Peer 1: 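Have a look at this one before I ask anything.
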Amino acid sequence: MTKHFGRSYVATPGPSVIPERVLRAMHQPAPNIYSSELEALVESIIVDLKVLVGTKYYSVIYIANGHGAWEAAIANLFAPGDEILTLNTGIFAQGWASCAEAMGIKVHTLDFGLNHPVDLDQFADRIKLDSNKTIKGIIVCQADTSTSVKNDIQGISTVLKTLNHPAILAVDCIASFGCDYFSMDDWDVDVVLSASQKGLMTPPGLAFLSFNERARECARNKQHNSLYWDWERRIFPEEFYFYFCGTAPTHHLYGLREALNMIIHEEGKMEVFKRHKRMARMIWAAIDAWALSGPITINIADPKCRSHAVTVVKVGAPYGSELRHWVEDHTGLTLGIGLGMGTKEDPNSTGIFRIGHMGHVNGNMIMGLLGSIEAGFEHLAIPRGAGAIGAAAKVLATS
Ligand SMILES: *Cc1c(COP(=O)(O)O)cnc(C)c1O
């Protein structure tokens, strides 16, 4: 018999917990899509998205998931035969690269493995090799959700500027948006991708692209083959329906408006980043204590290179999967599966689990999550250090 009656907690790295307020805001009859209120709603959302991404330039909304954002970015920036460089630190950058390849783009790859961020020296060496400047774009994830690594996007941008390389820098912030600090214009990033279902606490279905004048110029100079993805038509829409190239995603917009009220107008963007840092540090403190003896470790060793949105934990096959099943059945907590971390000994990543700590999470939820995991470890008799819950409480009490 199930033992988890009570409020359950889906702590997978997306889709994230949706606040009741966002759900309630969505619970409305269909509006008149020709009304001026809907237009004002979209405009207010775009203003707040730009605040969150840190740009004075442009943001557009697509009805799509993250894969749609990938395709939108490629469709606007590059044409078949163009060459780009992907900086892989997990399977998500690789996924984006595959999307580009399917669209006829020639993709070069620098792979940094599954435990490290982009190495800026290696990146600089690769850029120096491109003396004819044939590489038109760099694609990279700020946080790769499969490894929980966080890349130094400002550092990557600085390498390009220092070496005077004109490649467009396009960053996948889908996991990290509204969780890890980001500042598009200050860091001189040309294109930023995000989506509704992670830090933005809204159901999957909206993808966002933010881009600067340089990226816009790059898109203008290419032959377009998609009306739907074309961002130029969306930034100064001749008619309201141009914003979405068709019917507006009405109820997602209601939900997102409420979520942005919470993020931008109530808690405040910098406080939201601080809260995510606190939650992440609580989780890391607990894992560090568990790691003192036995097999449990955090995938990314250096805390500076870890995302504040997601943490990948190694516990050894098959205990990652067993732990997930146990905590889900006994405590109502759902953890994320291991993704793309397979080894010869553990091809299906069953020794891995992932904790999503993005969006609508607080200290109480993280203490509960860690307590449930502790109980799961106890049930599975996984050897570990003591004091994990106390270590997390200490972070919460002092930060
Ligand atoms: C979730 C995620 C995506 C993909 O989003 P989908 O909505 O599943 O298409 C892309 N990149 C990163 C870094 C993600 O975390």
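This one's a predicted model, so the numbers in the text were calculated from it and none came from an experiment. Heads up: numbering here begins at 1 and tracks the sequence. Counting starts at 1 for both ligands and their atoms, following the listed order.
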Peer 1: Could a heavy atom of Trp70 be found less than 4.0 Å from some atom of ligand 1?
Peer 2: yes
Peer 1: Among protein heavy atoms, which lies nearest atom 14 (C) of ligand 1, and at what distance?
Peer 2: Lys198 NZ, 3.0 Å
Peer 1: Just to verify, which of Asn348, Asp346, Thr350 counts as forming a side chain to side chain contact (heavy atoms under 4.5 Å, CB included) with Pro318?
Peer 2: Thr350
Peer 1: Taking heavy atoms and a distance under 4.0 Å, where does Asn65 meet ligand 1: side chain, backbone, both or neither?
Peer 2: both
Peer 1: If you compare all heavy atoms of Asp144 against all heavy atoms of Phe92, which two are closest, and at what distance to 0.1 Å?
Peer 2: OD2-N, 3.1 Å
Peer 1: For Asn88 and Thr86, test the side chains for any donor-to-acceptor distance below 3.5 angstrom and give the result as yes or no.
Peer 2: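 Side-chain D/A pair, Asn88 to Thr86: present.
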Peer 1: What atoms of ligand 1 come within less than 4.0 Å of a heavy atom belonging to Gly66?
Peer 2: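 Counting atoms of ligand 1 from 1, those under 4.0 Å from Gly66 are 4 (C), 5 (O), 6 (P), 7 (O), 9 (O).
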Peer 1: Which residue owns the protein heavy atom closest to atom 11 (N) of ligand 1, what's the atom, and how far is it?
Peer 2: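 Heavy-atom neighbour on the protein nearest atom 11 (N) of ligand 1: Asp172 OD2, 2.7 Å.
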Peer 1: Does some non-hydrogen atom of Ala143 fall short of 4.0 Å from ligand 1?
Peer 2: yes
Peer 1: For residues 194-201, which side-chain N or O atoms pair as donor and acceptor with protein atoms under 3.5 Å away, sequence neighbours left out?
Peer 2:
residue	atom	partner	partner atom	Å
Ser196	OG	Pro203	O	2.7
Ser196	OG	Leu206	N	3.1
Ser196	OG	Leu206	O	3.3

Peer 1: Please assess Glu37 against Asn32 for the test side-chain contact (heavy atoms from CB on, under 4.5 Å), listing each intermediate value before the final yes or no.
Peer 2: CA-CA 9 Å; Glu37 286 102 90; Asn32 174 1; over 6 Å; no
Peer 1: For atom 8 (O) of ligand 1, what's the nearest protein heavy atom and its distance?
Peer 2: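 Atom 8 (O) of ligand 1 sits closest to the protein heavy atom His67 ND1, 4.0 Å.
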Peer 1: Tell me whether ligand 1 is touched by Gln142 - counting only heavy atoms on the residue side and a distance under 4.0 Å.
Peer 2: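 No heavy atom of Gln142 comes that close to ligand 1.
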Peer 1: Hey, are Tyr34 and Glu239 close enough side-chain-wise for a donor-acceptor pair under 3.5 Å?
Peer 2: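 No, no side-chain donor-acceptor pair sits under 3.5 Å.
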Peer 1: Could you tell me whether the side chain of Ser146 and the main chain of Ile91 form a donor-acceptor pair under 3.5 Å?
Peer 2: yes
Peer 1: Is the Tyr243 ring parallel, tilted or perpendicular to the Phe240 ring (thresholds 30°, 60°)?
Peer 2: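 The arrangement is perpendicular - the two ring planes meet at more than 60°.
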Peer 1: Can you tell me if Asp144 contacts ligand 1 (heavy atom of the residue under 4.0 Å from the ligand)?
Peer 2: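 Contact check Asp144 vs ligand 1: negative.
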Peer 1: I'd like to check which ligand 1 atoms, numbered from 1 as shown, lie under 4.0 Å from a non-hydrogen atom of Thr145.
Peer 2: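 The list of qualifying atoms is 12 (C), 13 (C), 14 (C), 15 (O).
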Peer 1: Closer than 4.0 Å to some heavy atom of Ala175 - which atoms of ligand 1 meet that?
Peer 2: 15 (O)
